Amino acid sequence: MSLDNTPEQSQLGRASAYADHYDAGLLFPIPRATQRDAMGIVSDKLPFFGADLWTAFELSWLNARGKPQLAIAHFTIPCETPNIIESKSFKLYLNSFNSTVFADAQAVRERLRRDLGEAVWRGSDRSAGIGVKLLAPDVFDQEPVHELDGLDLDRLDIECSQYQPAPELLSADLTQPPVTETLTSRLLKSNCLVTGQPDWGSVQIRYNGPPIDQAGLLAYIVSFRNHNEFHEPCAERIFTDIWKRCQPTQLAVYARYTRRGGLDINPFRTSWPQALPANIRTARQ
């Protein structure tokens, strides 16, 4: 059974009443297949592994005595799930915990894990878990800030004239021996698919294969500037375009977007099984 939710049916761009009592019905899953189909990605034969790493900075609830509790939450949602969760609905859902009593942080974690897992797997005959980790205030000062490792493409003085995704800008020298490189840029920007609001991000590209033309890669990243698409398919579009145009033997794309409404979304896609990157925020997040 497929899910028919569309972004236009969500709360994006609409005035919303903020419920402060728990309501799992606020979560609005959107099928990944719609945008994957448009990119030629077959959902049951994904060309990548990976996950979407979310961070929630505005999570609070009440203990048994009515005293507010709070935490930072990290969520790991596998890229194999048939749905993403529309981010405004995620925020509304988290806000519904504000005046709700829970026995302890573990009870909150289990409720989050159950509700979010149901939403991202809804409409599928498959089911699996998602990762939920809560950080208490006494460990907040242990949360690091670190920029993405790699050679900074933004050092290049290039001319930019295309602001919609232009994969034709990508190329690699197939006559040269393969290289292993990690390249980064802070100039990734796209817009919300529904509201057009700007989404600012950084991206890290790791690959093994023919050397990729760095100027063309940076111009390609910049070409997302006026593109309307959610964070997750943006990362998958970058992966797919580089994979097709530059023919690496291995490729990993990691995008970290600045938070909106207390949430950041950080998609990671890789051509080979590997450990997920640590969910460490950049300075802008």
Side-chain angles (χ1 to χ4, degrees), residues 32 35-53 78-80 146-190 200-227 229-257 266-278 280 282:
R32 295 184 190 267
Q35 288 175 290
R36 284 179 173 173
D37 289 348
M39 288 185 274
I41 298 174
V42 180
S43 294
D44 60 356
K45 295 181 180 179
L46 295 178
F48 43 66
F49 307 91
D52 305 323
L53 309 179
C79 68
E80 294 84 7
H146 185 74
E147 295 300 291
L148 294 172
D149 294 323
L151 179 63
D152 185 12
L153 293 172
D154 303 343
R155 76 190 192 283
L156 301 174
D157 183 18
I158 66 169
E159 182 174 342
C160 300
S161 59
Q162 299 192 61
Y163 303 107
Q164 291 288 345
E168 65 273 14
L169 295 170
L170 295 167
S171 65
D173 190 343
L174 304 181
T175 67
Q176 295 298 312
V179 298
T180 299
E181 288 188 316
T182 301
L183 307 172
T184 64
S185 174
R186 298 180 181 87
L187 300 185
L188 178 62
K189 174 194 167 291
S190 53
W200 305 92
S202 298
V203 62
Q204 179 190 69
I205 296 160
R206 291 188 291 136
Y207 77 96
N208 178 273
I212 294 175
D213 177 67
Q214 294 183 9
L217 177 57
L218 180 57
Y220 168 75
I221 292 168
V222 170
S223 75
F224 279 74
R225 196 165 183 84
N226 290 337
H227 180 58
E229 197 165 47
F230 291 140
H231 302 51
E232 298 92 337
C234 276
E236 294 180 359
R237 186 178 296 277
I238 292 171
F239 180 98
T240 302
D241 286 345
I242 294 174
W243 188 256
K244 290 178 179 178
R245 294 273 176 167
C246 300
Q247 302 179 35
T249 55
Q250 291 185 316
L251 175 64
V253 173
Y254 184 30
R256 293 200 64 92
Y257 283 88
N266 311 286
F268 175 71
R269 302 293 184 266
T270 172
S271 65
W272 77 99
Q274 59 174 297
L276 295 173
I280 298 174
T282 64

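Every value quoted in this text rests on a predicted model; they were computed, and no experiment measured them.
Remark: side-chain polar atoms of Lys189 are not paired, donor with acceptor, to backbone N or O of Trp200 under 3.5 angstrom. Put simply, the side chain of Arg256 gets close to the backbone of Ile280: a donor and an acceptor are under 3.5 Å apart. For the pair Asn208 (side chain) and Thr249 (backbone), a donor-acceptor distance under 3.5 Å is absent. Looking only at distances, a side-chain donor or acceptor of Gln164 sits under 3.5 Å from a matching main-chain atom of Asn226. The backbone N or O of Leu148 sits nowhere less than 3.5 Å from a side-chain atom of Tyr254 that would complete a donor-acceptor pair. Ser271 places a side-chain N or O within 3.5 Å of a backbone atom of Leu251 that can act as its donor or acceptor partner.
For the pair Arg269 and Phe239, the cation does not sit on the ring face, since its NZ or CZ is not both under 6.0 Å from the ring centre and inside 45° of the axis.
The heavy-atom pair separating Ser185 from Leu188 by the smallest distance is OG-N, 4.4 Å. Between Leu170 and Arg245, the closest heavy-atom pair is CB-CB, 3.9 Å. Leu174 approaches Cys246 most closely through the heavy-atom pair CD2-O, 4.1 Å. The nearest pair of heavy atoms linking Pro267 to Ala235 is CB-CB, 3.7 Å. Of all heavy-atom pairs between Pro248 and Trp243, the closest is O-CZ3, 3.5 Å.
Pairs passing the side chain to side chain donor-acceptor pair (under 3.5 Å) check and including a residue from residues 37-50, sequence neighbours excluded, do not occur. Sorted pairs that involve residues 166-181 and meet salt bridge (Lys or Arg N to Asp or Glu O under 4.0 Å), not counting sequence neighbours, are lacking altogether.
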Begin from the C-alpha positions of Ser202 and Thr184 and carry the test side-chain contact (heavy atoms from CB on, under 4.5 Å) through to its verdict.
CA-CA 7 Å; Ser202 298; Thr184 64; over 6 Å; no
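Ion pairing between Arg237 and Glu229 holds under the 4.0 Å rule for side-chain N and carboxylate O.
Rounding to the nearest 0.5 angstrom, the gap separating the CD atom in Glu232 from the OH atom in Tyr257 is 9.0 Å.
Under the 4.5 Å side-chain criterion, counting only non-hydrogen atoms from C-beta, Phe48 is in contact with Cys79.
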